[in-house]
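A short write-up of the structure that comes next.
Just so you know, these numbers use all the heavy atoms, side chains as well, and skip hydrogens, waters and symmetry mates. Reminder, nothing fancy here: chain letters follow the sequence lines and each chain counts from 1. Treat the numbers as computed from the prediction; the structure is a model and nothing was measured.
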Number of protein chains: 2
Amino acid sequence: MSEMASPKHLESVPSREENFAEHGIEWLREHGYKVTSQRRAILELFGRLGEHLKPGQIHTRLESKLPSLSLATVYNTLELFEEEGLVNRVTAQDGETYFDPNIQPHHHAVCNQCGGLFDIDIEGDQLDQLAEASGTTEREETDFAITGATIWFRGVCESCDDG
Amino acid sequence: MSEMASPKHLESVPSREENFAEHGIEWLREHGYKVTSQRRAILELFGRLGEHLKPGQIHTRLESKLPSLSLATVYNTLELFEEEGLVNRVTAQDGETYFDPNIQPHHHAVCNQCGGLFDIDIEGDQLDQLAEASGTTEREETDFAITGATIWFRGVCESCDDG
DNA sequence: CTACATGCAAAATCTTTGCATAATT
DNA sequence: AATTATGCAAAGATTTTGCATGTAG
């Protein structure tokens with residue numbers, strides 16, 4: 001059931017996006033949660049955009065389709081999705097809260113110029129190496145047993161570098 | 001001086017704590033800013049504790065000394081200090097905003113058990129290695145020129161590991 | 001029908017802002 | 001005395017909460 005095929009055909013990657021909503025809906029059903037139009041719409045929005053979204057953005061983007069959608073419901077829904085592992089909560093370095101449909105462990109990069117947020121894949125053992133390299137497990141003053149890490153890169157994205 | 005043994009163990013930078021307030025006060029003077037009791041108190045608090053502090057914490061901790069201190073002044077002062085490079089603004093992974101008198105480039109670790117926040121030193125070239133290792137500069141889909149990174153480690157601190 | 005989800009409005013935080021007052025230089 | 005900083009109160013922004021209503025199963 002793991003369709004994490006290596007991205008050899010970059011043009012035909014769209015399956016994840018389209019299936020995100022379907023998977024989510026089925027998940028809700030299987031776990032006894034009600035499939036409401038609001039939950040469906042939020043899942044579909046994630047599936048369509050595949051991006052990190054802020055609660056307010058979600059609310060705004062769904063306003064036309066669901067005029068009665070309340071921000072409280074957006075928050076409720078995101079809380080549910082996060083608790084159940086359908087999305088990840090991401091706090092950016094500027095304090096903004098995003099929700100990310102990409103639940104694979106990964107990191108982020110922020111473009112200094114356009115402010116864009118990009119996913120960065122990184123190998124698990126490279127993280128271990130980093131932990132070792134940081135020397136934090138060796139220094140007596142800061143003996144800290146590392147179980148994980150989140151990295152925020154800064155730099156310039158491809159688009160901004162071109163222009 | 002301080003009865004509370006603060007969890008700061010940077011042997012290499014011992015005088016910084018004591019001089020932090022003095023340096024800050026002199027800096028204000030030299031740059032034409034007024035040395036007020038509020039600014040002095042905030043600098044001294046950082047110098048005494050040498051820790052990451054939230055605006056609200058600063059306000060609370062100074063309440064007894066400066067009963068009239070307003071939260072707005074705390075924010076104004078922190079904004080000034082940050083703009084002038086006397087402190088760093090730090091947004092934790094849970095979205096909390098801290099101000100850090102340690103302006104040396106460094107990273108942070110959060111203890112899963114006690115929630116404590118610890119400084120982590122890391123070599124610059126190790127960061128470069130990490131950037132390289134992440135492969136982000138090579139993958140065509142995510143060509144991103146890295147200029148810096150901020151790392152948040154999670155794990156268990158020494159105290160919690162002992163108990 | 002019954003349980004759960006939604007919408008609304010109010011409240012709790014955190015942070016910023018405008019202006020009169022106060023303190024530093 | 002002049003200029004800048006402070007305090008206060010009000011306003012934004014974000015997120016949470018309580019309760020009546022609505023709706024999926």
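Looking at residues two or more places apart in sequence or on another chain, you find no salt bridge (Lys or Arg N to Asp or Glu O under 4.0 Å) involving Glu79(A).
Rounded to an integer number of Å, the gap from CG of Leu78(A) to C1' of dA5(C) is 15 Å. Rounded to a whole Å, the CD atom of Glu63(A) is 16 Å from the C1' atom of dT6(C). For Tyr75(A) and dA12(C), the OH to C1' distance is 13 Å, given to the nearest whole Å.
Residue Ser37(B) forms a side-chain contact (heavy atoms from CB on, under 4.5 Å) with just one option from Leu62(B), Leu66(B), Ile42(B), and that option is Leu66(B).
Listed by residue number, there are no residues of residues 84-99 of chain A with a heavy-atom contact under 4.0 Å to DNA chain C. Taking every heavy atom of residues 65-74 of chain B and every atom of DNA chain C, pairs under 4.0 Å involve Leu71(B), Ala72(B), by number.
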Below 3.5 Å is the cut-off: list the nitrogen or oxygen pairs between protein and nucleotides 20-24 of chain C, distance only.
residue	atom	partner	partner atom	Å
dT24(C)	O2	Lys34(B)	NZ	2.8

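Grouping Ile, Leu, Val, Met, Phe, Trp and Tyr by side-chain contacts under 4.5 Å, direct or through others, leaves Val156(B) on its own.
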Checklist entry - Could you go step by step and tell me if Gln38(A) and Asn76(A) meet the side chain to side chain contact (heavy atoms under 4.5 Å, CB included) rule? => result CA-CA 11 Å; Gln38(A) 294 86 346; Asn76(A) 285 339; over 6 Å; no
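Cluster annotation: Phe153(B) is not connected to Trp152(A) through the hydrophobic network of ILVMFWY side chains, with a link wherever side-chain heavy atoms come within less than 4.5 Å. Connection of Phe81(A) to Tyr33(A) is established within a shared hydrophobic cluster, with ILVMFWY side chains joined at heavy-atom distances below 4.5 Å, either directly or through further cluster members. Linking Ile, Leu, Val, Met, Phe, Trp and Tyr residues whenever their side-chain heavy atoms come within less than 4.5 Å places Leu71(B) and Leu43(B) in a single cluster.
From Arg39(A), atom CZ reaches atom CD of Glu44(A) across 14.5 Å, with rounding to the nearest 0.5 Å. Here CZ of Arg89(A) is found 9.0 Å from CD of Glu83(A). Values are rounded to the nearest 0.5 Å.
Nearest heavy-atom pair across Phe46(A) and Val87(A) is CE1-CG1, 4.1 Å.
Side chain of Thr91(A) to main chain of Asp94(B): no donor-acceptor pair is present (N/O by atom type, distance under 3.5 Å, no hydrogens or angles).
Comparing Arg39(B) and Gly56(A) by the nucleotide of DNA chain D that holds the closest heavy atom to each, the one mapping nearer the 5' end is Arg39(B).
In this structure, a donor-acceptor pair under 3.5 Å is present between the side chains of His52(B) and Asp119(B).
In 5' to 3' order, the nucleotides of DNA chain D bounding all contacts with chain B (an atom under 4.0 Å from a heavy atom) are dT3(D) to dC8(D).
Between His31(B) and Trp27(B), the ring-plane angle classifies as parallel under the 30° and 60° cut-offs.
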